[in-house]
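Heads up, the thing below is written out as structure tokens.
Being a predicted model, the structure only gives us computed values, none of them experimental.
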Amino acid sequence: MRILLVSLNTVAEPFPVFPLGLAHLRDATATAGHRVEIFDCLIDGGEAALAYCIERFAPDVVGVSIRNIDDVRADTAVSFVSDIRKIVDGIRAHSSAVVVLGGAGYSIFPIELLAESGADFGICGEGEQAFPQLLQQLQAGRHAIDRIAGLVYRNGDGAVHANPPARGATAAARFAPPASWVAGYRARGAIFNVQTQRGCPLHCSYCTYPLIEGAQRRLHDYDSVVAQFRYWGDQGIRYLFITDSVLNTSARHLRDFARSLIAADTGVEWGCFLRPTALQAGDLQLLADAGLRHIEFGSDSFSDSMLRSFGKSFAFPAIERASRLAHDAGIHYSHFLILGGPGESQQTLQQTHERSATLPGGVFFAFPGVRVYPNTRLRAQLAERDGSLPTSLLLPHFFIEDGLTLAQLTGLLEAWRLADPRWAPLTLPAQFTTMVRRLRARGIEGPLWEYLPWMAAPRDAASAAPADS
């Protein structure tokens, strides 16, 4: 069959993110014997370009990958749902192809998005097995679509039904994205990425990772992951980001993975998400030796009561220790924080601010309000608490604790930023984007947020720029 895979995401600030999941799906589909083309809305253009691609290629099936449902920001609350309906309508206007939705964003709202978009099918969760199985069924007469794990479809009466997703697939061993696709992202200063595991066994109250990937941790084969590092290195990419929910779901995996990279000696540096707990000094040095350059800690708060509220398994002393270990190992680190969650107060906010001053170096990305998603503990808590949640959470809905407002929280963040340049602004300044382009032109890769405090500090008081400047 002729299969067109479409990447819908066009978000490019502060930098584009290469669609890793779609790359794996492309390889799995081609391995199953189908002819596959990619259309990337960020790289290849808009409606007219897609229409031309459809008319030229004449696909039998069009798969649409949905990375984001909205921008996950209470201060802007931009929804991308209308873009999904628009692209399905555009495909329908130029083709009779079967339309299949998938991707991380789709997997959070599989039934609602299929109904809203008018697409024929959806795949919730991993697609490397389910999508080729669907293609096989489309060729064979659709007799057993109810047996395809993760498939979302309409019953005979038109009602949307979702099969339970599979939770056993791992990344495809074959990995060879088209060179032109990679070049398009590289020309735009993209961050390329790798995954070492799927599934998240943690219990953060608001998080969608268990919805998208399941709650059971499943490791990819280390040889396969190292092969992807080598592939990117052969393409001239010298920095990757690991997209695992957190790399240190277990200390053993963290260490084994680091040792496998050290043995491979790929020359590729990298960044990752970590939780700030159960880390030893030797772990951070081992990671640094393996090429780790950036850590993004999903800390959520520096207040112990708020950490409990969010379902975290650690307290501030672990955050403080992890920050010092990263600093001592020469690894750039940041903390991602949420302000205004259940139980937040002026006292807990003050505690978060005061404790940030005790951390050496680092950058703090704080966001007001908590995006509420279906099938999360937060959603159940809020429904039980006051019953005021909307029936559908497809459009962005944010919780802010009573007694606090969005305006108060954004004002507080601005005051903290002015007092300490390690607090990043909600919207990155244009000069940061300009600086990133210049550094990219000089061959410096990575997220580069370590430059934010240096940019914001007064020049007569600023410390030296990061060493790789």
Side-chain angles (χ1 to χ4, degrees), residues 17 20-21 66-74 77 103-110 112-113 124-126 150 165 167 193 195-218 241-250 253 272-278 295-315 318-319 322 334-344 352 365-385 389 392-401:
V17 176
L20 179 66
I66 302 165
R67 183 175 188 267
N68 302 311
I69 297 300
D70 53 74
D71 65 352
V72 203
R73 284 183 50 169
Y106 175 76
S107 296
I108 303 172
F109 298 95
E112 287 179 276
L113 284 176
C124 179
E126 296 153 349
R167 299 302 189 192
N193 36 51
Q195 190 178 49
T196 78
Q197 59 187 314
R198 288 180 182 167
C200 185
L202 305 179
H203 303 286
C204 303
S205 64
Y206 54 83
C207 187
T208 59
Y209 267 104
L211 304 180
I212 297 167
E213 298 185 353
Q216 183 177 357
R217 184 174 66 98
R218 292 155 291 130
F241 194 86
I242 294 176
T243 63
D244 303 9
S245 59
V246 289
L247 182 59
N248 58 335
T249 50
S250 81
H253 171 59
C272 68
F273 300 114
L274 289 181
R275 56 178 179 150
T277 185
I295 298 171
E296 298 185 2
F297 288 117
S299 299
D300 291 351
S301 179
F302 297 150
S303 163
D304 290 345
S305 66
M306 288 307 300
L307 290 170
R308 290 191 294 272
S309 174
F310 286 129
K312 297 296 186 179
S313 60
F314 51 83
I319 294 174
S334 62
H335 290 281
F336 280 74
L337 308 171
I338 303 171
L339 306 185
E344 191 83 273
T352 287
F365 292 97
F367 299 91
V370 192
R371 173 58 158 107
V372 185
Y373 290 103
N375 302 311
T376 60
R377 186 164 62 85
L378 175 63
R379 194 252 180 247
Q381 288 174 335
L382 296 180
E384 182 179 340
R385 174 171 155 166
L389 289 174
S392 172
L393 295 169
L394 188 58
L395 295 179
H397 178 83
F398 290 83
F399 173 84
I400 294 178
E401 183 59 273

Taking the side chain as every heavy atom from C-beta outward, state whether Phe367 and Ile338 have any pair of such atoms under 4.5 Å apart. no
Between Ser303 and Thr352: side-chain donor-acceptor atoms closer than 3.5 Å: no
Do Pro396 and Val72 come within less than 4.5 Å of each other through their side chains, counting heavy atoms only? no
Lys312 (side chain) donor-acceptor with Met306 (main chain) under 3.5 angstrom: no
Would Thr243 and Leu20 count as a side-chain contact (heavy atoms from CB on, under 4.5 Å) if you check the C-alpha gap in whole Å, the side-chain angles of each, and the deciding distance to 0.1 Å? CA-CA 9 Å; Thr243 63; Leu20 179 66; 4.2 Å; yes
Hey, does Leu393 have a side-chain heavy atom less than 4.5 Å from the side chain of Phe109? yes
Per-pair distances, 0.1 Å, donor-acceptor, side chain in residues 372-383, under 3.5 Å, sequence neighbours excluded:
from	atom 1	to	atom 2	distance (Å)
Thr376	OG1	Tyr373	O	2.8
Thr376	OG1	Arg379	N	3.2

Short side-chain to backbone donor-acceptor contact, Asn248 and Arg275, under 3.5 Å: yes
Below 3.5 Å, can you tabulate the donor-acceptor pairs from side chains in residues 199-213 to any protein atom, sequence neighbours excluded?
from	atom 1	to	atom 2	distance (Å)
His203	NE2	Pro201	O	3.3
Tyr206	OH	Asp300	OD1	3.0
Tyr206	OH	Asp300	OD2	2.6
Glu213	OE1	Gly199	N	2.9
Glu213	OE2	Gln195	NE2	3.1

Give the ring-plane orientation class for Phe336 versus Phe365, where under 30° counts as parallel, over 60° as perpendicular and anything between as tilted. parallel
Are any of the side-chain heavy atoms of Glu344 and Val370 separated by less than 4.5 Å? no
Using side-chain contact (heavy atoms from CB on, under 4.5 Å), reason through Phe302 and Ile319 one step at a time and then give a plain yes or no. CA-CA 8 Å; Phe302 297 150; Ile319 294 174; 3.7 Å; yes
